[in-house]
Chemist: 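Here you go, one structure.
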Amino acid sequence: QVQLVESGGGLVQDGGSLRLSCAASGRFSSISRMGWYRQAPGSQRELVAGITSVGVLNYADSVKGRFTISRDNARNTVSLQMNSLKPEDTAVYYCHALYRTRGEFMADAWGQGTQVTVSS
């Protein structure tokens, strides 16, 4: 199994920046895709950004040009640089990993979530 530990959330003013980080550990064969999701109160969890092991990226339209996802395959970490933050970015952000178990099955893991609050 994979365990994901996030860090970097907090309170920032409108227009500010934050950087989220996530480290994966545990027993697995490889990690295919890592990404960040978010969930605001009363809303469904939504994809923010994802990155595959070969660097294919995808972003939600609402964050394109403001957020940048990056990954260190050697260290099994993924980061999300968030610039020009807006109050509507306020949410709990979750790290996600799609990985291959040692038995060669695909599985996914979630972090515990980190709060990002953008004040106006």
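Because the structure is a prediction, the values reported are computed rather than measured.
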Chemist: Is there a side-chain contact between Ser17 and Met82 (heavy atoms, below 4.5 Å)?
Modeler: no
Chemist: Kindly give the heavy-atom pair with the smallest separation between Ile31 and Ala97, and that separation in Å.
Modeler: CG2-CB, 4.2 Å
Chemist: Got Leu80 and Thr68 here, is their nearest side-chain heavy-atom distance under 4.5 Å?
Modeler: no
Chemist: Any idea which heavy atoms bring Leu18 and Gly10 closest together, and the distance?
Modeler: CD1-O, 3.9 Å
Chemist: Look at the side-chain heavy atoms of Ile, Leu, Val, Met, Phe, Trp and Tyr, link any pair under 4.5 Å apart, and say whether Leu57 and Met34 land in one connected group.
Modeler: yes
Chemist: Quick check: do Gln1 and Tyr99 have side-chain heavy atoms less than 4.5 Å from each other?
Modeler: yes
Chemist: In the structure I gave you, are the side-chain heavy atoms of Thr114 and Tyr94 within less than 4.5 Å of one another anywhere?
Modeler: no
Chemist: Nearest heavy-atom pair of Ser29 and Glu104: which atoms, and what distance?
Modeler: OG-OE2, 3.6 Å
Chemist: In terms of hydrophobic clusters joined by side-chain contacts under 4.5 Å, are Val12 and Tyr93 together?
Modeler: yes
Chemist: Taking the side chain as every heavy atom from C-beta outward, state whether Gln115 and Thr117 have any atom pair closer than 4.5 Å.
Modeler: yes
Chemist: Does anything in residues 55-65 pair up under salt bridge (charged side-chain N to carboxylate O under 4.0 Å, His left out), and if so which pairs, sequence neighbours excluded?
Modeler: Asp61-Lys64
Chemist: Among side-chain atoms of Asn83 and Arg19, is any donor-acceptor pair under 3.5 angstrom?
Modeler: no
Chemist: Ignoring hydrogens, what is the shortest heavy-atom contact between Leu4 and Ala24? Give both atom names and the distance.
Modeler: CD2-CB, 3.5 Å
Chemist: Between Gln81 (side chain) and Ile69 (backbone), is there a donor-acceptor pair under 3.5 Å?
Modeler: no
Chemist: Can you list the residues that meet the ring pair (Phe, Tyr, Trp, His ring centres under 6.0 Å) rule with Tyr37, with sequence neighbours excluded?
Modeler: His96, Trp110
Chemist: Answer whether the closest heavy-atom distance between the side chains of Arg102 and Arg27 falls below 4.5 Å.
Modeler: yes
Chemist: Sequence neighbours left out, what pairs pass ring-ring contact (aromatic ring centres under 6.0 Å, His included) with at least one residue falling in residues 48-72?
Modeler: none
Chemist: Return the minimal non-hydrogen interatomic distance between Ala91 and Ala40, and the atom names on each side.
Modeler: CB-N, 3.8 Å
Chemist: Could you list the cluster mates of Val54? Members are the ILVMFWY residues connected by side-chain heavy atoms closer than 4.5 Å, either directly or through other members.
Modeler: Val56
Chemist: Which atom names give the shortest non-hydrogen contact between Ser120 and Asp14, and what distance separates them?
Modeler: CA-CB, 4.2 Å
Chemist: Report yes if the side chains of Ser32 and Arg100 come closer than 4.5 Å at any heavy-atom pair, otherwise no.
Modeler: no
Chemist: Quick one: name the residues clustered hydrophobically with Leu98, using the 4.5 Å side-chain heavy-atom rule over I, L, V, M, F, W, Y, and just say none if it's on its own.
Modeler: Met106
Chemist: According to the disulfide (SG to SG under 2.5 Å) rule, which pairs have a member within residues 85-120, sequence neighbours left out?
Modeler: Cys22-Cys95
Chemist: Are Asn58 and Arg33 side-chain neighbours, meaning at least one heavy-atom pair lies under 4.5 Å?
Modeler: yes
Chemist: For a side chain to side chain contact (heavy atoms under 4.5 Å, CB included) check, start with the C-alpha distance between Gln44 and Gln39, then their side-chain angles and the critical distance, and finish with the verdict.
Modeler: CA-CA 6 Å; Gln44 291 188 331; Gln39 188 167 19; 5.5 Å; no
Chemist: With hydrophobic residues grouped by side-chain heavy-atom distances under 4.5 Å, do Leu47 and Val63 end up in a single group?
Modeler: no
Chemist: Can you tell me if Gln13 has over 12 outside heavy atoms packed within less than 6.0 Å of its CD?
Modeler: no
Chemist: Could you tell me the separation between the OG atom of Ser79 and the CG atom of Leu20, rounded to the nearest 0.5 Å?
Modeler: 8.5 Å
Chemist: Measure the spacing between CZ of Arg38 and CG of Asp89 and express it to the nearest 0.5 Å.
Modeler: 5.0 Å
Chemist: Around atom CD of Glu88, are there more than 12 heavy atoms from other residues, nucleotides or ligands closer than 6.0 Å?
Modeler: yes
Chemist: Spell out, as yes or no, whether a donor-acceptor pair under 3.5 Å connects the side chain of Arg66 to the backbone of Ser62.
Modeler: yes
Chemist: Donor-acceptor pair, distance only, cut-off 3.5 Å: does the side chain of Asn73 make one with the backbone of Ser53?
Modeler: yes
